[in-house]
Amino acid sequence: MKNDFSVDFFSDSRYEELTAEISYKGQILCQINKDKGPNEVEIEFFNDSRLLAEEVEMKFPLNTFISILNETKLELLD
């Protein structure tokens, strides 16, 4: 299940610091940024979709998603 998630770190012009984008089966879920510091990491969810060859059902185990979020946050702050 974790392999269905992907994380890309990049520089977004809307933020001063590095950001991380989390996708599920190629469909973007959210972006995490640390502009306000390590104790106020923000998450932005996206309601628009990428155009993919097939529709992705956005349903997955909560614990897996929380684990991905925590791992991504730690990497972003590193």
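For the numbers below, each heavy atom of this structure counts, side chains included, while hydrogens, waters and symmetry mates do not. Values in this document were obtained by computation on a predicted structure and should not be read as measured data.
Here the straight-line distance linking atom CD of Glu42 with atom CG of Asn33 works out to 5.0 Å at 0.5 Å rounding. Taken to the nearest 0.5 Å, the NZ atom of Lys25 stands 9.5 Å off from the CZ atom of Phe5. Between the CG atom in Asn63 and the CD1 atom in Ile68 there is a gap of 12.0 Å [rounded to 0.5 Å]. The CD atom of Glu17 lies 10.0 Å from the CG atom of Leu77; values are rounded to the nearest 0.5 Å. A distance of 8.5 Å separates CG in Leu62 from OG1 in Thr64, rounded to the nearest 0.5 Å.
Here the side chain of Asp4 pairs no donor or acceptor atom with the backbone of Tyr24 at under 3.5 angstrom. At least one donor-acceptor pair closer than 3.5 Å links the side chain of Lys34 to the backbone N or O of Leu76.
No single ILVMFWY cluster, assembled from side-chain heavy atoms under 4.5 Å apart, contains both Ile28 and Phe65. In the hydrophobic clustering of this structure, Ile66 does not group with Phe45; members are Ile, Leu, Val, Met, Phe, Trp, Tyr whose side-chain heavy atoms approach within less than 4.5 Å, directly or through other members. Both Leu69 and Phe60 belong to a common hydrophobic cluster when Ile, Leu, Val, Met, Phe, Trp and Tyr are linked at side-chain heavy-atom distances under 4.5 angstrom.
Taking all atoms of both residues into account, the shortest heavy-atom contact from Leu18 to Ser11 is CD1-N, 4.0 Å. In plain terms, the two heavy atoms of Ile32 and Ile22 that are nearest each other are CD1-CD1, 3.8 Å. Pairing each heavy atom of Tyr15 with each of Thr19, the nearest pair is CD1-CG2, 3.4 Å.
Remark: Asp12 engages Arg14, Gln31 in a side chain to side chain donor-acceptor pair (under 3.5 Å) (not counting sequence neighbours).
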**OP:** Report the C-alpha separation of Gln27 and Leu29 in whole Å, then their side-chain angles, then the decisive distance to 0.1 Å, and conclude whether the side chain to side chain contact (heavy atoms under 4.5 Å, CB included) test is met.
**Re:** CA-CA 6 Å; Gln27 190 58 262; Leu29 289 173; over 6 Å; no
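Within 6.0 Å of atom CD in Glu44, more than 12 heavy atoms from other residues, nucleotides or ligands are found, so the atom counts as buried in its surroundings. In Asn70, the CG atom is crowded: over 12 heavy atoms of neighbouring residues, nucleotides or ligands sit closer than 6.0 Å.
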